[in-house]
Every structure is written in structure tokens, then in C-alpha cells.
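Whatever order the structure lists ligands and atoms in, that order sets their numbers, starting from 1. Sequential numbering from 1 along the given sequence is applied to the chain's residues. Keep in mind that this is a model prediction, so the values were computed, not measured.
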Amino acid sequence: MCGIVGYIGPRQAAGLLLEGLRRMEYRGYDSAGIAVVNGHGLEITKAAGKVTMLELELEGKMPTGTLGIGHTRWATHGAPTTPNAHPHTDQSGRIAVIHNGIIENSSAIRKTLERRGHTFKSETDTEVLAHLVGEYYSGDLEEAVAAALREVDGAYGLAIISADEPGVLVAARKGSPLLVGVGENEWFVASDASPLLQYTRSVVYLDDGEMVVLSRDGYRVRNLETTRISKPVNQIEWDLAMVERNGYPHFMLKEICEQPESLHNTLRGHLLEEEGTARVTGLNLSDDQLKQVERIVITACGTSWHSALIGEYMLEEMARIPVEVEYASEFRYRNPVVDHRTLVIGISQSGETADTLAAIREAKRRGARTVGLVNVVGSTIAREVDGGIYLHAGPEVGVASTKAFTSQVAALALVTLRIARLRNLSILQGREFIQGLRLLPAQIARILERSSELEHLAERFLGTATNALYLGRGVNFPVALEGALKLKEISYIHAEGYPAAEMKHGPIALIDENMPVVFIAPKDAVHSKIVSNIEEVKARGGKVIALINEGDTEIERLADATFTIPVTLDLLTPILTSIPLQLLSYYVAVARGCNVDQPRNLAKSVTVE
Ligand code: AGP
């Protein structure tokens, strides 16, 4: 997704903007640019490709000025070329705009402006917005922006400066996240906290429809109707070190290795051993309200959708409540059967995924109670649901989601435990479940200590593969899906996850000696069935890698390679079985020289449809 950063204060803006763009690279982008007001005009530099290309453009000619905006663009309208990179200017060339989102009526506005003699240099909707602001500009940038935004439909997070107002930066949001950084006599706007943390942890979250006017002595939040709105200043709990790599070669490996701590942080404060239940007051649902829930819908995208599937197994098994898991992009358009008796759970690491946000809004519109399981504090989904649980997994920068996934499963376990204990789960069963949860961080640490075994397996089986199959049963079927997604999204090897029993209904035709098959095969209720599935694959020459519990000699004898995981409760095995699959995909991607943290075509948070 696009990244926005803006600055006004005593420092030189250009270097600060470039540093900010570098800290947002993980969001995924294909061009970048900055604009600085230098006292007599606007200096704009932009380049297709990575921020390093922009830095090359700026070599020896860094603009001077203490007001500026910077942007990393993930192309939606128009190819990732230099002319399409942001910032874009108005007809006069004295107003610069950067924008994250889509202006849906930009072509109609463009035609109107062309009839008035405007000429455009790019194919982007953002340039149309810049020209519209210019059209309204008569010496007051704030009012020109407000007038223009009253005319546009669609989503935006934007920042605007003018050569004629060197003391003003105007920003606005509708559908794309934007926050204000409050420093010591300096102010910032950004798409997320990462560019701000080295300067300030005091932030103001803008809501949809709001604007902010930054000047050299402060900031003022408003909307299109009223010129002043009071907003709280929040303290970000993350510090810079948490966002940086801290010596790891990739953010993804850092975040995989953080899972003992991130899982502990997700569970912290929620486990009530005495009562054998979980404290989930953040849901803002009383026990009576939870008892009245007749059905649960869990909606999410990607990896978060996989954790939702695990939640379905947990809730139906322990709480005996019907659960449906819906792709958010489907749920929002299919006229879902949802009402006040439905609890809708939205799962999102970023809290900004457009489809998941829209699905939650649709659920609310139909009268459902909505809760969010979200990692980013203050994100849009977190602020729009009726209640929720923060994952507290810390910033997840790598595009491939890892620690957020295991924390999402842990958060679902907490919700399950609370509801189950209100229904038919005994206090002893509740305490046993809590004990299982408490052991997980240490068990994850034991798996991480043996990462080198997975590096070896990666080279031996998957380094040259062009396809792979991941198979699991029961609550580990979603783990098969997640393992396959990890492999394909960072190593670009085509991989599919399947219920192991489904092989004989078609996919087994794919099996030959070139097809590595990864089985997730803990000693659970369906272990003997998985053994048969492994034999079916071996009989056709397939290469089998199996994740097994310590001491499983039966599969050890059958498989070409195994990796053992500690024993835990059946329903908690996904938190352990997913870790080796994260590492396997990581080592394959590294072996193939792929860009692990910023895989091609992908963004960390998909804030557009
Ligand atoms: C997972 O590795 C991907 N990065 C992607 O599928 C991601 O899970 C999905 O886009 C949902 O993101 P969210 O959790 O921030 O809503």
C-alpha cells in the first residue's frame, strides 16, 4: 500500500522524509517521491522503483526547506512510472499532493477540468485531485482542500502543501489511514507510526472525513463542515527498536523468532486459572450477551482468514456454537444472513484491510455485534468495532504474516474459552486449556532452537521445486492452507493446501517424484488416517516431509523427512505446527534469492478493494 509522510518544523525536511519513506518500504510500493517548499517554490523529485532510486536522483541536490511531503506509491491507476509517481501538482505547479486511496469520480472531474483548459502529465487520479484543489485555490490552502474534497467520491489519505503558504501542511483522510505526529515544535503526518517513532510517540488518529492543518505553531483537526474538532493525543506503545530489524537479516525472521514473546504478550492478563476461564472485557460483551449469541461469523482475508478457520474448529468443538468463516471480500457483497443474534468477529493484523473493514461495516449495518482481533492499536477496524482484543504482538513489518497469525489463534482461544465456560465446558477442562496455552511460548522456543533442521529441509526438498502440496486434517487443515500461502507469497513456488482426505478426489493425480508433499501430522484423533494418506502419496513416488510429534516412529519410518514438534492439546497444535512452516518458507525464499520482506506485487496492508 502507498505510504505518506509529511513534516513541518525547524529541521530540513528532505532527509527526514527520505528516512520516513525507508521506514514504510515494508508497506509495498513501486515508486517514490518528495516535495519540499524551498522559500521560492516547490522542489519535487520522484523516481520509479525503490527509495534508493529516489536517493540517486537527489544525490548532490537535496532540496532545502523545512516543510515537505513524501510518498511511496503502490500503483492502482497508471503504471509504476516516474510521471505517475507522487507528488503531483496542480495546473500552476505551486500546489503538491500525495495520496493513498482511489478517487472514484476522477475521470468525470478530469473531463470538467480539461474543458477549463487544464492539461495533465500523468494517468493518475491523484493529479486530478491536485488540479481540483488548484482550481479552488485563492490564497487559502485549507479552504481549497475542503472545497475539493466535498466534490470527490472514493477513498483517500492525503497531504498537501503550497509554495505560496510555506507555513501550512494540510492533510485529510477518508478510508485510508492517517495519523498526526505531535513533536516538540514540529509536527508530522504519516500513514502509520513507523516514520514517526524516532521523533515522537505522541499521535492523533484521524477518523474518516477529518482533516488536519499543521502550522509552525501547532495543529488543528477539523472536518469538511466544522473548522475545529478536539481529538485525544495517544501514546504509541512501540519504540523504534521494535520496528527495526535488530540484527536479523529480515523482518520476517525477526518476527518468527519473536513468537514466544508475542504469544506471551497476547495471553498476558487474560488467563484466569482459578475460574478456568479467560478475561475478555475488551469485547464489551457481558456474559449474558455472550450467552445469547446464537451464531458466529468470522470474517477476514489471507492469513487472517486461515486463523479464522482455526477459530471455527475451536468454537464449535469447545463452545458448541455454529460458526461460519467468510472471506471479507465475499461477505460484503453477498447479502449475508446476519442480525442482532449474530456475533461477527473481524480479524486483521493491520486493522486497515479495506475488505475486512467493509465487511464489518456491513455486519454493523445489519444489526450484528462486531468485535475485532487486531494488532495495530488505534487502527480503523479497532476503532469501528463494538469491542475487541488487541493482539499485542508488536509491529509486524514483514509482508508475510507470522507472529500475528499465532497471536490471532491465541486470541481466538481466549474468546472460545470464555464462551465455552459460559456453556458446557467444566472448570477442570478450562484449567487444562489454560495450562496448554501457558506452555506454548516455551514450546515455540524449543522449535525455534532447531531452525537449522528446517533450513536443511528447505534446500533438500523445496529449493528447486516448482509446485508443492500441504496436507492436514481437522484443525490442522487451515495450517496446510497457511503453510502453502507462506511458501507461495515469498518464494513464488505454486503451493496448495488441502484437507489430506481430499487428495483422492483429484489432487493425487499431481503426485510424482517432483512433487514435495508436506504433511501436518500430530498425534491427534485422525493420526491413523493421515498415516494412510502418507502411504498413498509414497505409493506414487511423492516426496513426503512430515511434521510429527516427538516419538512418532510410525511416520518417521514412512516419510522421507520429518520435523518433530512438542505435544500440546489438539486444538492448540496449529500454534506449534505453523512455526516450522513459516521457517520452511523463509529458508526456501532466501535460498531462491527472493525479496523476503517485500515480495513482488504484495503489500503489507491492502487498504484498497
Ligand atoms: C499474509 O502473509 C499476507 N500478508 C496477507 O494474506 C494478509 O494476511 C492479508 O492481507 C490480511 O491482512 P490483515 O491481517 O492486516 O487484515
Side-chain angles (χ1 to χ4, degrees), residues 1 26-28 74 175-177 191-192 194 250-253 255-256 259 262 266 298-311 325-332 345-361 370 372-385 388-391 393-409 411-412 470 478-479 481-492 495 497 578-579 581-586 588-589 594-609:
M1 280 303 88
Y26 74 90
R27 297 169 64 87
W74 190 63
S176 287
S191 305
D192 66 40
S194 42
H250 300 99
F251 279 109
M252 183 180 177
L253 184 60
E255 289 147 13
I256 290 172
Q259 289 179 98
S262 56
T266 303
I298 314 177
T299 186
C301 302
T303 283
S304 300
W305 184 80
H306 295 152
S307 69
L309 289 173
I310 294 166
V325 175
E326 295 265 6
Y327 277 119
S329 53
E330 289 298 310
F331 179 85
R332 66 184 289 195
I345 301 175
I347 303 179
S348 175
Q349 187 287 128
S350 63
E352 300 298 349
T353 299
D355 284 324
T356 309
L357 176 59
I360 286 165
R361 287 173 174 169
T370 57
L373 306 184
V374 175
N375 192 38
V376 178
V377 174
S379 56
T380 306
I381 291 175
R383 285 183 287 122
E384 295 209 6
V385 289
I389 295 176
Y390 277 125
L391 304 183
E396 186 177 75
V397 176
V399 165
S401 188
T402 51
K403 63 177 181 176
F405 173 73
T406 47
S407 285
Q408 286 164 355
V409 176
L412 285 160
Y470 286 69
V479 177
L481 297 175
E482 173 59 11
L485 175 63
K486 287 280 107 30
L487 186 71
K488 62 186 142 191
E489 70 174 323
I490 63 172
S491 72
Y492 316 143
S578 54
I579 309 285
L581 302 184
Q582 294 167 356
L583 285 165
L584 197 60
S585 61
Y586 171 77
V588 170
C594 296
N595 186 335
V596 172
D597 285 331
Q598 298 168 39
R600 67 186 182 199
N601 310 336
L602 287 177
K604 181 59 184 169
S605 174
V606 185
T607 56
V608 292
E609 279 199 56

- Message: Less than 4.5 Å apart, side chain to side chain, heavy atoms only: is that true for T402 and T303?
- Response: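 When only atoms from C-beta onward are counted, T303 and T402 do not touch, as no gap falls below 4.5 Å.
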- Item | Note, N595 side chain near R600 side chain (heavy atom, < 4.5 Å) |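 No, every pair of side-chain atoms sits at 4.5 Å or beyond.
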- Item | Partners meeting salt bridge (charged side-chain N to carboxylate O under 4.0 Å, His left out) with R361 (sequence neighbours left out) | D208, E384
- Quick one: list whatever passes side chain to side chain donor-acceptor pair (under 3.5 Å) with T266, sequence neighbours left out.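 Residues passing side chain to side chain donor-acceptor pair (under 3.5 Å) with T266: S407.
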- Item | side chain to side chain donor-acceptor pair (under 3.5 Å) partners of S304, counting only residues at least two apart |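 Partners of S304 under the side chain to side chain donor-acceptor pair (under 3.5 Å) test: Q408.
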- Task: Drop me the distance from K486's NZ to M252's CE, to the nearest 0.5 angstrom.
- Result: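 Atom-to-atom, K486:NZ and M252:CE are 6.5 Å apart.
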- Using a 4.0 angstrom limit on heavy atoms, which residues are close to ligand 1?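 Lining ligand 1 at under 4.0 Å, by heavy atoms, one finds C301, G302, T303, S304, S348, Q349, S350, T353, V399, A400, S401, K486, E489.
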